[in-house]
J.: 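Submitted below is the structure of interest, expressed as structure tokens.
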Amino acid sequence: MPRAFDPELLAALGGILALLIVATVVAAVLTRRAASESARATLANASARIRAWWAMAAIFAVATAFKPYGSIVLFALLSFLALREFVTLTPTRGGDRATLLAAFFVVLPVQYYLLAIGWYGLFAIFVPVYGFLLVPILSALAGDTERFLERTAKIQWGLMVSVYCVSHAPALLILELPGFEGESAKLLLFLVVVVQLSDVFQYLWGKTLGRRKIAPSVSPNKTREGFLGGVGTATALGAGLWWLTPYSPRAAAAMALVACLLGFAGGLVMSAIKRDRGVKDYGELLPGHGGILDRIDSLCFSAPVLFHLTRFYYS
């Protein structure tokens, strides 16, 4: 049976609901008033993104209600879909069949099982040590040596980003923090809200004031003004949400800043991979957002660092 929400978590989810309602109404009004085709196309994309956010918020809220296992199952599914997108974008060979089966149906479930039983010691090293070694061993046993290093490195990289890094988001739920027992779902919500809204704020600031490109060959839409405005706004938001965390307001701002900077770096790195492969998105699962990796690229880089900083300073 789902456990009851505490008042602070319920208030935060209510705030997200209110924000989505406002965004939906504003998009509908602007769409009716749009005069040009380009404006209507932009608003149609924005409306698709908002609808996707409604679905994602609902799924996250339901998963959080069944803490910690609901969130663990949700992120395990996200890891599965993200890994699938990654290996689809970086094609492998027939000799990698056993390796891929092990990646999807052994390494991934074991990583989340270790998380579910709270075995932090093995959870922290399972993918970077045992998964890292298993991949080349299985590929070598298949006897296919063509582009061997490139193929194994792709699978290893996919496991690290899509499984190991992503699994650190729900790992926040197993942290034993003095004075914060049983409330780690709020910390997970803090991470997701700050990192995801940082992306939104960077987009809005970039569209409004953006002039100077940061890395035009990697991500043409990222500007210095969007980066500074988005990270600054999300950091201020993180400071304001300190009551969801075990942090003080100043520490919450610092943690939010770290998460936003790493989120930006994650988006940039994952965009570089897309440019290398000559595609715009990792997939089409989320209308207006692309694939799962397009939506959680910033979370991939920010979750492990926030987890370990919190564990080191607060446990």
J.: Do Glu85 and Ser162 have side chains that get closer than 4.5 Å, going by heavy atoms?
T.: no
J.: Could you walk me through whether Thr223 and Arg211 pass side-chain contact (heavy atoms from CB on, under 4.5 Å), step by step?
T.: CA-CA 6 Å; Thr223 63; Arg211 297 292 183 273; over 6 Å; no
J.: With sequence neighbours left out, write down each residue that passes side chain to side chain contact (heavy atoms under 4.5 Å, CB included) with Arg311, or none if nothing qualifies.
T.: Tyr120, Leu175, Phe307, Ser315
J.: Measuring only between side-chain heavy atoms, which start at C-beta, is Met270 closer than 4.5 Å to Val161?
T.: yes
J.: Determine whether Phe104 and Val107 fall in the same hydrophobic cluster, where Ile, Leu, Val, Met, Phe, Trp and Tyr are linked whenever their side-chain heavy atoms lie under 4.5 Å apart.
T.: yes
J.: Which heavy-atom pair separates Leu108 from Ser79 by the least distance, and what is that distance?
T.: CD1-C, 3.9 Å
J.: Are Phe312 and Phe190 connected into the same hydrophobic cluster when the rule is that any two of I, L, V, M, F, W, Y join if their side-chain heavy atoms are below 4.5 Å apart?
T.: yes
J.: Aromatic contact between His168 and Phe123, with the criterion being ring centroids under 6.0 Å apart: yes or no?
T.: yes
J.: Using salt bridge (charged side-chain N to carboxylate O under 4.0 Å, His left out) as the criterion, list what pairs up with Glu183, not counting sequence neighbours.
T.: Lys186
J.: Among residues at least two apart in sequence or on other chains, which ones pass ring-ring contact (aromatic ring centres under 6.0 Å, His included) with Tyr314?
T.: Tyr247
J.: Side chains of Leu228 and Val231: closer than 4.5 Å at any heavy-atom pair?
T.: no
J.: State yes or no: do Phe301 and Val218 share one hydrophobic cluster built from I, L, V, M, F, W and Y residues joined by side-chain heavy-atom distances below 4.5 Å, directly or via other members?
T.: no
J.: Distance from Ile292 atom CD1 to Leu81 atom CG, nearest 0.5 Å?
T.: 5.5 Å
J.: Shortest non-hydrogen contact from Phe148 to Ala140?
T.: CE1-N, 3.5 Å
J.: Starting at OG1 of Thr24, measure out to CG of Leu20 and round the result to the nearest 0.5 Å.
T.: 6.0 Å
J.: Using 0.5 Å steps for rounding, measure from the CD1 atom of Ile155 to the OG1 atom of Thr99.
T.: 5.0 Å
J.: Between Tyr203 and Asn221, is the side-chain contact (heavy atoms from CB on, under 4.5 Å) condition met? List the steps.
T.: CA-CA 8 Å; Tyr203 175 81; Asn221 294 324; over 6 Å; no
J.: Go through Val166 and Leu299 one step at a time and tell me if the side-chain contact (heavy atoms from CB on, under 4.5 Å) criterion holds.
T.: CA-CA 7 Å; Val166 173; Leu299 198 64; 5.7 Å; no
J.: Taking only residues two or more places apart in sequence, or in another chain, which ones meet Phe132 in a ring-ring contact (aromatic ring centres under 6.0 Å, His included)?
T.: none
J.: Which residue pairs satisfy the salt bridge (charged side-chain N to carboxylate O under 4.0 Å, His left out) criterion with at least one member in residues 104-131, sequence neighbours excluded?
T.: none
J.: What are the two closest non-hydrogen atoms of Glu181 and Pro178, and how far apart are they?
T.: OE2-CA, 3.5 Å
J.: Quick test of your reading: applying salt bridge (charged side-chain N to carboxylate O under 4.0 Å, His left out), list the pairs with at least one residue in residues 86-96, sequence neighbours left out, ordered by first then second residue.
T.: Arg93-Asp144, Arg93-Glu146, Asp96-Arg151
J.: Looking at side-chain heavy atoms only, is the closest gap between Leu187 and Phe180 below 4.5 Å?
T.: yes
J.: From Phe201 CZ over to Leu204 CG, what is the distance, rounded to the nearest 0.5 angstrom?
T.: 7.5 Å
J.: Quick check: closest heavy atoms across Ala303 and Cys165, and the distance to 0.1 Å?
T.: CB-O, 3.9 Å
J.: With sequence neighbours excluded, give me every side chain to side chain donor-acceptor pair (under 3.5 Å) pair touching residues 249-278.
T.: Lys274-Asp294
J.: Measure the shortest side-chain to side-chain distance between Thr310 and Met255 over non-hydrogen atoms and say whether it is less than 4.5 angstrom.
T.: yes
J.: Could you give all pairs that pass the salt bridge (charged side-chain N to carboxylate O under 4.0 Å, His left out) test and reach residues 152-169, with sequence neighbours left out?
T.: Glu150-Lys154
J.: So, for Gly118 and Ile174, which heavy atoms are closest and what is the spacing to 0.1 Å?
T.: CA-CD1, 4.3 Å
J.: Hydrophobic cluster membership, with links at side-chain heavy-atom distances under 4.5 Å among I/L/V/M/F/W/Y: are Leu309 and Leu257 in one?
T.: no
J.: Calculate, to the nearest 0.5 Å, the distance between atoms CG and CG belonging to Leu306 and Leu172 respectively.
T.: 6.0 Å
J.: Which one of Leu189, Leu173, Leu115 satisfies the side chain to side chain contact (heavy atoms under 4.5 Å, CB included) criterion with Ser71?
T.: Leu173
J.: Restricting to pairs with a member in residues 228-243, which pass side chain to side chain donor-acceptor pair (under 3.5 Å), not counting sequence neighbours?
T.: Trp205-Thr233
J.: Any luck finding a side-chain donor-acceptor pair between Ser139 and Thr152 under 3.5 Å?
T.: no
J.: Could you pull out the closest heavy-atom pair between Gly238 and Ala252, with the gap in Å?
T.: O-CB, 3.6 Å
J.: Applying salt bridge (charged side-chain N to carboxylate O under 4.0 Å, His left out) as the test, list every pair that has at least one member in residues 221-234; sequence neighbours left out.
T.: Arg212-Glu225
J.: Any side-chain heavy-atom pair from Thr245 and Leu241 closer than 4.5 angstrom?
T.: no
J.: Within a strict 4.5 Å, meaning less than it, do heavy atoms of the Ile273 and Tyr282 side chains meet?
T.: yes
J.: Within the 4.5 Å heavy-atom criterion, are Tyr164 and Phe126 side-chain neighbours or not?
T.: no
J.: Just verifying a value: how many Å separate Gln111 CD and Ile72 CD1, rounded to the nearest 0.5 Å?
T.: 11.0 Å
J.: Go through the side-chain N and O atoms of Tyr112 and Ser167 and say whether any donor and acceptor fall under 3.5 Å apart.
T.: no
J.: According to a 4.5 Å side-chain heavy-atom criterion applied to Ile, Leu, Val, Met, Phe, Trp and Tyr, with indirect links allowed, do Leu83 and Tyr113 form part of one hydrophobic cluster?
T.: yes
J.: Can you check side-chain contact (heavy atoms from CB on, under 4.5 Å) on Val194 and Cys260, steps first, answer last?
T.: CA-CA 7 Å; Val194 168; Cys260 291; 3.7 Å; yes
J.: Once ring-ring contact (aromatic ring centres under 6.0 Å, His included) is applied, what residue pairs with a partner in residues 220-241 remain, sequence neighbours excluded?
T.: Phe227-Phe264
J.: What side chain to side chain donor-acceptor pair (under 3.5 Å) pairs are there with at least one residue in residues 296-305, not counting sequence neighbours?
T.: Asp199-Ser298
